[in-house]
Amino acid sequence: MKTRITELLGVEYPVLQGGMAWVAESTLAAAVSNAGGVGLIAGGSAPAEVIREEIRKAKKLTDKPFGVNIMLMSPNAEELAKIVVEEGVAVVTTGAGNPGQYMESWKAAGIKVIPVVASVALARRMERAGADAVIAEGCESGGHIGQTTTMCLVPQVVDAVSIPVLAAGGIADGRGLAAAMMLGAEGIQMGTVFLASEECQIHPNYKELVLGAKDTDSAVTGQICGGAAVRQIKNRYTKKVIERERAGATFEEIEELTIGSLRRAAKDGDRENGSFMAGQIAGMVHEIRPCSKIITDVFTEAEELLRNKAASLSL
Ligand code: TUI
């Protein structure tokens, strides 16, 4: 499958791995890149020097292009923005904000910059700022989300910009990839399905929760108190946060509950108090596979669908 994304990034498959904070480290990123996609190391809110070490580890594990995701709400974003230049990282994706202030230095360093956007307005701004492509991420996704679904967001972003668009949110098999292509995307980003990969280093309880989730098992916190909306698997933690939000808790009171919640999920596997970020598509993820198998399964299925669909509809 050749698109402007495979050409831009020099990869076999137009697929990026989501930049999942506390989840996406060098082992996972290198596995996705070695499989022909683009793996990402997530900056999250980790100390920037820890991420530098992860970048160096990934360089030892793969000679293919990989990237770093910079979460712009993190206090370390500025430091990390310099480190990706110093380390000669091939691709940068960003989330949870507008990376405009860093764009010039990244472009000057030859980095391919692909911001994640949740709205047409930000997609347009990113194109004007010099982004190489954008990832249009629908609210089916896990983690911090906007308000528009993938089905509605992707074609509107495709119509609004002329740089290539990747679709994200709710994609975990060939049907999702084929649908994204029909919406005008030239690539995809997947996160949730890579949580259930052999190479993903999260606590086994996290993987178990993803495998066991059904379609309605995620909840969105942060919608009432003015913080960031975050989708994760329903548990005691989401119930408590949503209850407090409904009871009129302040931003600070909610923050007290949310601080450390991702670590409790990814590292400790604390089923009750962790924030197990995952997308709605977790309901369709039932097995642990190597990243290479996940990617070839998705692309083989999509290619067959795209080749045969017209005939099966008697078109
Ligand atoms: O960023 C993500 N997903 C994330 S970040 C994250 S870590 C975190 N944890 C707790 C609270 C907040 C973050 C976990 N998952 N996806 C990309 C994304 N970007 N989704 C939504 C946005 C977004 C939202 C508003 C981007 C820009 C924006 O406004 C910026 C502007 O200036 O218009």
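Quick note: numbers below take in every heavy atom, side chains included, and nothing from hydrogens, waters or symmetry partners. In listed order, ligands and their atoms are each counted from 1. One is the number of the first residue; the rest follow in order along the sequence.
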Would you be so kind as to tabulate the donor-acceptor pairs closer than 3.5 Å made by side chains of residues 173-184, with sequence neighbours excluded?
from	atom 1	to	atom 2	distance (Å)
Asp173	OD1	Arg175	N	3.1
Asp173	OD1	Gly176	N	3.1
Asp173	OD2	Arg175	NE	2.9
Asp173	OD2	Arg175	NH2	2.7

Review item, side-chain donor-acceptor pairs of residues 192-199, under 3.5 Å, at least two apart:
from	atom 1	to	atom 2	distance (Å)
Thr192	OG1	Gly279	N	2.8
Ser197	OG	Phe194	O	2.8
Ser197	OG	Cys200	N	3.2
Glu199	OE1	Cys291	N	3.0

Practice prompt. Give me the one residue out of Arg231, Glu140, Gln280, Lys234 that meets side-chain hydrogen bond (donor to acceptor under 3.5 Å, both in side chains) with Ser218.
Written response: Arg231
Worksheet item: With Asp159, which residues qualify under salt bridge (charged side-chain N to carboxylate O under 4.0 Å, His left out), at least two apart?
Response: none
Worksheet item: Could you walk me through whether Asn235 and Arg271 pass the side-chain hydrogen bond (donor to acceptor under 3.5 Å, both in side chains) check?
Response: CA-CA 7 Å; Asn235 61 359; Arg271 292 170 184 270; over 6 Å; no
Between ligand 1 and the protein, find all N/O pairs closer than 3.5 Å and give the distance for each.
from	atom 1	to	atom 2	distance (Å)
ligand 1	1 (O)	Ala96	N	3.3
ligand 1	3 (N)	His144	O	3.3
ligand 1	15 (N)	His144	N	2.9
ligand 1	16 (N)	Glu137	OE2	2.9
ligand 1	16 (N)	His144	O	3.4
ligand 1	19 (N)	Ala96	N	3.0
ligand 1	20 (N)	His144	O	3.1

Worksheet item: Salt-bridged, Lys2 to Glu7, with N to O below 4.0 Å?
Response: no
